[in-house]
Amino acid sequence: NAMSGGPLEAALYERFKQEMIEGLRAGGKLDGIYMVLHGAMGVEGMRDPEGDLLEAARSVVGDIPIGISHDLHANITRRRVELADFIVGYKTNPHRDHFETGYHSMQILIDTVFGKINPVMEIRKIPMLTGGGMEVDFLSPMNKVFSWMKKRERDDDVLAISNFMVHIWLDDEELGWTSVAVTDGDRELAVSIADELAMMDWAVKDVHMPDRLTAAEAIKKAEKKKFSRLFGPMIICDSADAVGAGAPGENTWILRELIDSGTELRVHLPLRDRQAAIEAYGAGIGEELSLNLGGTLDVVYNRPLEYTGTLISRHDTRYGKTAVVRYNNIYVVLTELAAAVNGPEYFTDIDLGVWNADIIVVKNLFPFRYKFLLQNRGTLNVETPGTTSVNVYELDYHKVPRPVHPLDEMDLPF
């Protein structure tokens, strides 16, 4: 269960690729292959690694059915469409249908192997980088789109319909949303469905994500919510340091503002800093520590921060050595590895609790919205400098196809 990050080292990718190739060769005569791939992988010096893996598999096994599944933030390329018999994507965001997607994909593959069906796939690339609001499957406007997809999939000749809303932090010459339709031998039907879904996506292109607050604005807003905080914490979404989207998890901007504000609210805040976590872990409980936090992995947007506090507890967790260091009412959870803080267990596993906090800081864009549903008394979406800023105007694109929404004024492209 590796966390997202920067691009894979080329040598490591080649090692994984060779293991796959050797395994396929050792497998003897195969009837079909199902490849579980994220769809937005990055590798040093390479574009479209998933297409490269697919091509490598195809070169070994020849002309047998190959199906792939992707996260719905995948960036679909023509190369993958040409090499795969079918592509299936998640239909939930936050993602909750991993098992269902795998089962669906294998069902298509098995039926193809036994000659029961003949998958035909069509895609439409949509020149969109953002749209659909938060792109949550059960909220407006995307709930109507995903409901339509599920309804159409019940048709006998429709095998799969997928909507890929793209990982906007890629810089790729094919970057953009993609509608995908897979039918049983009916090319005309696949074209029609892919077109209709693309049109539905284009219709919600101007529905933007909720406004982002500054850290100072979020703190003031939380302070005013006195009654709400009696029943649970406010949650700050650190969107520009979203670990699940590839950010390092070492943003110090919110912590800096919390200290400068002098707030008396109790705050639980995660921060990834290997050296500081190891240093704090080795100290004695109750010891006063002066630590230099952040600004080591991301030196473009982040800045180091001097933080003085008391060591409250130390733990061995899935994130490596973990230490809780308190300054006034600010409890910083230092970890060696990045933590998205998708759910309450991040804090409860280290006896820090959730209900006793006024503010919880998380470093993911979507999963917390349902995993903290019981405890959350209000979400504060905060924008700071960071590698996963959702402001596409601030992203340093060089290769994306132009024109593209919203960077350019565009007419309907279909």
Side-chain angles (χ1 to χ4, degrees), residues 34 39 50-51 54 65-93 97 100-101 103-112 115-133 135-138 140-166 174-207 401 403-405 410-414:
Y34 166 40
E50 284 95 345
L54 188 54
I66 298 181
I68 60 177
S69 64
H70 278 333
D71 184 299
L72 61 68
H73 291 105
N75 184 46
I76 305 301
T77 64
R78 287 287 174 186
R79 184 186 192 187
R80 290 179 225 170
V81 174
E82 292 168 359
L83 290 165
D85 290 88
F86 62 87
I87 299 173
V88 177
Y90 300 157
K91 290 184 177 62
T92 60
N93 188 43
D97 60 337
E100 290 83 358
T101 301
Y103 190 95
H104 186 188
S105 301
M106 277 302 300
Q107 189 173 42
I108 295 173
L109 181 65
I110 291 170
D111 287 347
T112 303
K116 296 180 180 179
I117 58 173
N118 175 34
V120 170
M121 180 165 55
E122 283 289 333
I123 75 162
R124 288 295 173 269
K125 289 297 293 189
I126 311 161
M128 281 172 56
L129 300 181
T130 60
E135 302 168 4
V136 176
D137 66 283
F138 51 82
S140 179
M142 296 310 298
N143 59 338
K144 294 180 181 178
V145 178
F146 282 98
S147 293
W148 176 87
M149 291 164 56
K150 292 170 184 175
K151 183 177 180 181
R152 288 303 308 269
E153 267 192 351
R154 298 191 193 110
D155 295 350
D156 291 340
D157 290 333
V158 179
L159 302 179
I161 303 174
S162 304
N163 201 27
F164 296 100
M165 300 184 290
V166 90
E174 291 184 85
L175 192 66
W177 288 35
T178 313
S179 62
V180 179
V182 184
T183 63
D184 183 8
D186 192 332
R187 178 74 61 184
E188 186 176 335
L189 178 60
V191 169
S192 173
I193 292 173
D195 283 341
E196 189 169 356
L197 179 54
M199 293 284 285
M200 294 177 72
D201 285 337
W202 188 254
V204 300
K205 72 181 189 307
D206 294 318
V207 180
V404 65
H405 176 81
M410 293 186 63
D411 294 324
L412 190 68
F414 309 108

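Because the structure is a prediction, the values reported are computed rather than measured.
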- Walk me through it: do Val180 and Phe86 pass the test side chain to side chain contact (heavy atoms under 4.5 Å, CB included)? CA-CA 9 Å; Val180 179; Phe86 62 87; over 6 Å; no
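- In this structure, Lys151 is not positioned above the aromatic face of Trp148 in the sense of NZ or CZ being under 6.0 Å from the six-membered ring centre and within 45° of the axis.
- Within a 6.0 Å radius of NZ in Lys150, more than 12 heavy atoms belonging to other residues, nucleotides or ligands are found.
- For Thr77, the side-chain hydrogen bond (donor to acceptor under 3.5 Å, both in side chains) partners at least two apart in sequence or on another chain are Asp48, Arg80.
- Between Thr101 and Ser105 the shortest heavy-atom distance is O-OG, 2.8 Å.
- Between Ser69 and Tyr34 the shortest heavy-atom distance is OG-OH, 2.7 Å.
- A distance of 4.5 Å separates CD1 of Ile87 from CD1 of Ile76, quoted to the nearest 0.5 Å.
- Lys125 and Asn75 get closest at one heavy-atom pair: NZ-OD1, 3.2 Å.
- Judged by distance alone, the side chain of Asn143 and the main-chain N or O of Asp137 form no donor-acceptor pair under 3.5 Å.
- Interatomic distance, OG of Ser179 versus CD of Glu196, reported as 10.5 Å (0.5 Å rounding).
- Closest approach of Pro141 to Gly133, counting heavy atoms only: CD-N, 4.4 Å.
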- Item | Verdict with reasoning, Lys91 to Glu153, per salt bridge (charged side-chain N to carboxylate O under 4.0 Å, His left out) | CA-CA 12 Å; Lys91 290 184 177 62; Glu153 267 192 351; 2.9 Å; yes
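- Take Asp195 and apply the side-chain contact (heavy atoms from CB on, under 4.5 Å) test, not counting sequence neighbours, and it matches Arg124, Val191.
- At distances below 3.5 Å, not a single donor-acceptor pair connects side-chain atoms of Arg152 with backbone N or O atoms of Ser147.
- Asp97 approaches Tyr90 most closely through the heavy-atom pair OD1-CB, 3.4 Å.
- For Asp206, the salt bridge (Lys or Arg N to Asp or Glu O under 4.0 Å) test picks out no residue, with sequence neighbours left out.
- Residues satisfying the salt bridge (Lys or Arg N to Asp or Glu O under 4.0 Å) test with Arg78, not counting sequence neighbours, are none.
- Of the possible polar contacts, none joining the Lys205 side chain to the Met128 backbone as a donor-acceptor pair under 3.5 Å is found.
- From Asp85, atom CG reaches atom CD1 of Ile66 across 7.0 Å, with rounding to the nearest 0.5 Å.
- The two atoms that bring Val204 and Met142 nearest to each other are CG2-SD, 3.9 Å, heavy atoms only.
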- Full working for side chain to side chain contact (heavy atoms under 4.5 Å, CB included) between Trp177 and His405: CA-CA 10 Å; Trp177 288 35; His405 176 81; over 6 Å; no
- Message: Using side chain to side chain contact (heavy atoms under 4.5 Å, CB included), reason through Asn118 and Asp184 one step at a time and then give a plain yes or no.
- Response: CA-CA 5 Å; Asn118 175 34; Asp184 183 8; 4.1 Å; yes
Name the atoms and distances for all side-chain donor-acceptor pairs under 3.5 Å in residues 157-166, with sequence neighbours left out.
{"residue": "Ser162", "atom": "OG", "partner": "Gly89", "partner atom": "N", "Å": "2.9"}
{"residue": "Asn163", "atom": "ND2", "partner": "Asp201", "partner atom": "OD1", "Å": "2.9"}
{"residue": "Asn163", "atom": "ND2", "partner": "Asp201", "partner atom": "OD2", "Å": "3.4"}

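- Listed for the Glu50 side chain is a donor-acceptor partner under 3.5 Å among the backbone atoms of Gly39.
- Looking only at distances, no side-chain donor or acceptor of Asp111 sits under 3.5 Å from a matching main-chain atom of Ile117.
- The side-chain contact (heavy atoms from CB on, under 4.5 Å) search around Val136 returns Pro94, Met134, Phe138, Leu139, Phe366, not counting sequence neighbours.
- Judged by distance alone, with hydrogens and angles left aside, the side-chain atoms of Thr112 form a donor-acceptor pair with the main-chain N or O of Ile108 at under 3.5 Å.
- The CG atom of Leu189 sits 4.0 Å away from the CD1 atom of Ile193 when rounded to the nearest 0.5 Å.
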